[in-house]
*Asks:* 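Structure below; questions to follow.
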Amino acid sequence: MKSFGPVSLTKIQIQVNDLKKPNPPRPPLRFRLLCLLLRKGDHIPLAGDFEKLCDEISKERGTSYAIFWYWGQVLKSGPGYIKDSLYWRFHMLLNYFTIALRNFKQHKMFTFINVLGLALGIATCMLINFWVQRELSYNRFNDKADRIFRVERDFTIEGREEIWPITSGPYGPALVNDYP
């Protein structure tokens, strides 16, 4: 007998023979559904119960019937889990709102300051957003918006340099004649 390190060939054959036993199906979808719908520790015992019952039915009535029964049980239990999960989530949300309202009633000044600060912050963000959108959309309605330029005038008033977007009438024909 040939040896492959610490594992002999007979052990490998026994492991391959163990894999050929009919096992209850273990679809990844079932585990995902149970993991999503149940609390952390609940899906493992339920999966074990389903497998144990599937083994018993497989011995009594056959593997195909056991697989059909197994999937039927998983699909039947899904709506109950969803209903239970949504029910408790809704009640927890109501509980959070109740606690928040109680805290608002007990701490009226802090609530007023926080709500006022939130309202001012949201209003400021909205105004800044509107201003930036308007600045970015300046003259974008024109088909040749990338060729539009703004002519400004630099001059000094009382020692200060100023830039104004106001020019006199002769600038237009002069720019057309001097620049392509």
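We're numbering straight along the sequence, starting at 1.
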*Asks:* Taking all heavy atoms of R147 and all of F149, pick out the closest pair and write down the distance.
*Replies:* O-CD1, 3.4 Å
*Asks:* Restricting to salt bridge (Lys or Arg N to Asp or Glu O under 4.0 Å), what partner residues turn up for R102, sequence neighbours left out?
*Replies:* none
*Asks:* With a 4.5 Å cut-off on side-chain heavy-atom distances among I, L, V, M, F, W and Y, is there a chain of contacts connecting I157 to I166?
*Replies:*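 Yes, I157 and I166 fall within the same hydrophobic cluster.
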*Asks:* Measuring only between side-chain heavy atoms, which start at C-beta, is N95 closer than 4.5 Å to H91?
*Replies:* no
*Asks:* State which residues pass side chain to side chain contact (heavy atoms under 4.5 Å, CB included) with E60; sequence neighbours excluded, sorted by chain then number.
*Replies:* none
*Asks:* How does the hydrophobic cluster around L101 look, that is, which other residues are in it when side-chain heavy atoms under 4.5 Å mark a link?
*Replies:* F104
*Asks:* Measure the spacing between CG of N103 and OG1 of T98 and express it to the nearest 0.5 Å.
*Replies:* 11.0 Å
*Asks:* To the closest 0.5 Å, what do you measure between CZ (F130) and CD (E135)?
*Replies:* 14.5 Å
*Asks:* For F97, is the CZ atom crowded, meaning more than 12 foreign heavy atoms sit under 6.0 Å from it?
*Replies:*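 Atom CZ in F97 is not packed in, count stays at 12 or less.
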*Asks:* If you look only at distance, which donor and acceptor atoms sit under 3.5 Å apart when one is on a side chain in residues 109-128 and the other is two or more places apart or in another chain?
*Replies:*
from: T111; atom 1: OG1; to: H107; atom 2: O; distance (Å): 2.7
from: N114; atom 1: ND2; to: F110; atom 2: O; distance (Å): 3.2
from: T124; atom 1: OG1; to: L120; atom 2: O; distance (Å): 2.7

*Asks:* Using distance only, find each side-chain donor-acceptor pair of residues 171-180 under 3.5 Å and give its atom names and separation, not counting sequence neighbours.
*Replies:*
from: N177; atom 1: ND2; to: P173; atom 2: O; distance (Å): 3.2

*Asks:* Taking side chain to side chain contact (heavy atoms under 4.5 Å, CB included) as the test, write out the residues that go with R150, two or more places apart.
*Replies:*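 Checked R150 against side chain to side chain contact (heavy atoms under 4.5 Å, CB included); matches are E152, P165.
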*Asks:* Counting only heavy atoms not in E161 (residues, nucleotides, ligands), do more than 12 fall under 6.0 Å from its CD?
*Replies:* no
*Asks:* With no hydrogens and no angle check, do the side chains of Q133 and W131 hold a donor and an acceptor under 3.5 Å apart?
*Replies:* no
